[in-house]
There are 2 protein chains.
Amino acid sequence: MNKEELIKQTAKDLFFNKGYLHATTQEIADAAGVNRSLINYYFRSRDLLFQTVYREAVESLKSQLDKVLYDNVPFKEKLSIFIDVYMKELLKYPYRESFLITEICSKNFALKEKKKSAALAHFLKEIAEEMEKGTLKKGDPIHFVFDLFALMSFPVIMTPLYQKLLDISKEKYKALIAERKQLILEKIFN
Amino acid sequence: MNKEELIKQTAKDLFFNKGYLHATTQEIADAAGVNRSLINYYFRSRDLLFQTVYREAVESLKSQLDKVLYDNVPFKEKLSIFIDVYMKELLKYPYRESFLITEICSKNFALKEKKKSAALAHFLKEIAEEMEKGTLKKGDPIHFVFDLFALMSFPVIMTPLYQKLLDISKEKYKALIAERKQLILEKIFN
DNA sequence: ACTTTTGTTAACAAAATTGTTAAACATCAA
DNA sequence: TTGATGTTTAACAATTTTGTTAACAAAAGT
């Protein structure tokens with residue numbers, strides 16, 4: 001892999017996977033096995049590296065939604081696929097959303113970039129239709145989306161804390177998370 | 001308020017409420033309106049201030065659980081009270097758990113401190129009983145707890161990101177969150 | 001009153017982190 | 001082979017952040 005890409009991937013691994021949001025350029029360089037100056041060579045500054053990673057994270061998040069949510073398959077099946085895809089990504093990058101949140105909070109993002117996801121908007125419409133049909137309990141489709149993402153993401157994000165509070169082993173916790181894909185699908189269609 | 005307490009409260013406000021997890025001692029001091037040296041006077045080092053805040057966050061989290069989950073009231077009512085209490089706290093300190101997670105991840109916590117929550121254990125038993133009775137759908141009580149906390153916390157934690165992705169105004173989002181207390185209770189008892 | 005303790009501050013020192021530069025190195029086309 | 005280009009590195013400089021000190025102020029105790 002070329003080193004520019006390597007640096008980016010390593011940064012993502014530290015941020016999204018290890019949850020190490022405070023990483024210094026030196027720590028990133030060490031983890032990548034490259035000279036720290038290369039970070040400046042390729043990204044000019046630490047801040048620009050962070051911005052790049054941030055942007056790509058939002059992009060990949062949105063393109064993931066796009067990939068699945070536009071599929072022309074029956075709703076229930078689409079949901080099944082979606083949960084599958086999204087949770088796989090969650091296990092790979094549990095802290096991606098957490099990173100985004102901290103970035104948004106730390107820079108006082110007066111970002112004009114339009115981040116709105118068209119796929120999500122489309123998905124919301126589809127949910128509304130299902131509610132009309134009676135397949136789903138009626139209500140604001142946004143709450144349905146909230147519920148869906150919450151049920152998938154939160155236990156993953158909270159792993160280190162809940163392991164402590166519930167006194168569960170790493171393996172047991174992992175097994176519990178694995179069970180959830182099916183459970184969520186059931187719960188969603190109560 | 002004495003300044004030691006003021007510093008701590010300000011740090012908590014920055015971390016838990018503003019989501020500003022990178023705060024420097026200078027920024028904390030400025031926000032508190034005190035001289036930065038006072039932080040060293042009262043807490044010796046930045047790291048010890050963080051540790052103190054961390055510990056107190058875990059303690060308050062656990063004592064909150066204790067306060068509500070041991071109550072001797074019917075299960076459904078207890079849950080209603082719990083959701084009420086917990087979501088009120090969530091709105092005050094949306095990023096408390098996020099702070100805990102980043103701290104756990106950044107220090108390689110070889111913490112021997114037992115963090116296990118007895119209240120949660122007790123709550124799990126109660127849930128199991130309700131499942132026996134048929135009041136709740138059967139399953140691993142832990143998943144019930146996962147679901148409960150996920151539904152409450154996640155949309156709150158993700159506020160800045162979801163506002164962007166869904167293109168919702170601050171006020172509208174706030175209103176949506178406010179609606180959830182009731183919705184969660186209904187959903188839980190499907 | 002004055003002595004001791006506690007709180008507060010600015011100035012300084014030390015450490016950590018980031019950014020820059022110039023030279024070494026590699027690759028490859030002319 | 002040369003030289004043009006892009007890559008990599010170490011050494012250095014600048015900046016930011018943290019920690020320490022000593023002086024001063026306020027409060028409390030005697």
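Here is the naming used below: chain letters follow the sequence lines, and residue numbers restart at 1 for every chain. Excluded from the calculations below are hydrogen atoms, water molecules and symmetry mates; all remaining heavy atoms, backbone and side chain alike, are included.
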Atom [atom1] of [X] to atom [atom2] of [N]: distance rounded to whole Å?
X: B:L48; N: D:dT20; atom1: CG; atom2: P; answer: 11 Å
X: A:I7; N: D:dT9; atom1: CD1; atom2: C1'; answer: 13 Å
X: B:L49; N: D:dT18; atom1: CG; atom2: C1'; answer: 13 Å
X: A:R46; N: C:dA16; atom1: CZ; atom2: P; answer: 16 Å
X: A:R36; N: D:dA11; atom1: CZ; atom2: C1'; answer: 11 Å
X: A:E27; N: C:dA16; atom1: CD; atom2: C1'; answer: 11 Å
X: A:I28; N: C:dG19; atom1: CD1; atom2: C1'; answer: 15 Å
X: B:N2; N: D:dA27; atom1: CG; atom2: P; answer: 14 Å

Side chains of A:R46 and A:T24 only: does a donor on one sit below 3.5 Å from an acceptor on the other?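 A:T24 and A:R46 do not have a side-chain donor-acceptor pair below 3.5 Å.
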For the base of D:dT16, is there a side-chain donor-acceptor partner from B:T24 under 3.5 Å away?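 In this structure, the two groups form no donor-acceptor pair.
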Residue [X], side-chain heavy atoms: nucleotide from [options] that is nearest:
X: B:Y41; options: C:dG7, D:dT18, C:dA10; answer: C:dG7
X: B:S37; options: C:dT18, D:dT9, C:dA11; answer: C:dA11
X: A:N35; options: D:dT9, C:dG19, C:dA11; answer: D:dT9
X: A:L38; options: C:dT9, D:dT9, C:dG19; answer: D:dT9
X: B:S45; options: D:dG19, C:dT9, D:dT9; answer: D:dG19

Q. When B:F15 is tested against each of B:Y93, B:F50, B:Y54 for ring-ring contact (aromatic ring centres under 6.0 Å, His included), which residue passes?
A.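 That would be B:F50.
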- prompt: Parallel under 30°, tilted from 30 to 60°, perpendicular over 60°: which one fits the rings of B:F154 and A:F154?
  reply: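 Perpendicular: the ring planes of B:F154 and A:F154 meet at over 60°.
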Review point. Using 30° and 60° as the class limits, which term best fits the ring planes of B:F149 and B:F82: parallel, tilted or perpendicular?
Key: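 Perpendicular, since the angle between the ring planes exceeds 60°.
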| request: Could you tell me whether A:F43 contacts a base, only the sugar-phosphate backbone, or nothing, with contacts defined as non-hydrogen atoms closer than 4.0 Å? | output: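 No contact.
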Discussion item. Is the phosphate of C:dT20 approached by A:N40 (side-chain N or O, under 4.0 Å from OP1 or OP2)?
Written reply: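 So the side-chain polar atoms of A:N40 never come under 4.0 Å of the phosphate oxygens OP1 or OP2 of C:dT20.
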Discussion item. With a 4.0 Å limit, can you tell me whether B:K3 has a side-chain N or O closer than that to the phosphate oxygens OP1/OP2 of C:dG7?
Written reply: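 No, because none of the side-chain N or O atoms of B:K3 sits under 4.0 Å from OP1 or OP2 of C:dG7.
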* Asked: Just wondering, do B:L61 and A:L165 contact through their side chains at under 4.5 Å, heavy atoms?
  ->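 Yes, their side chains come closer than 4.5 Å.
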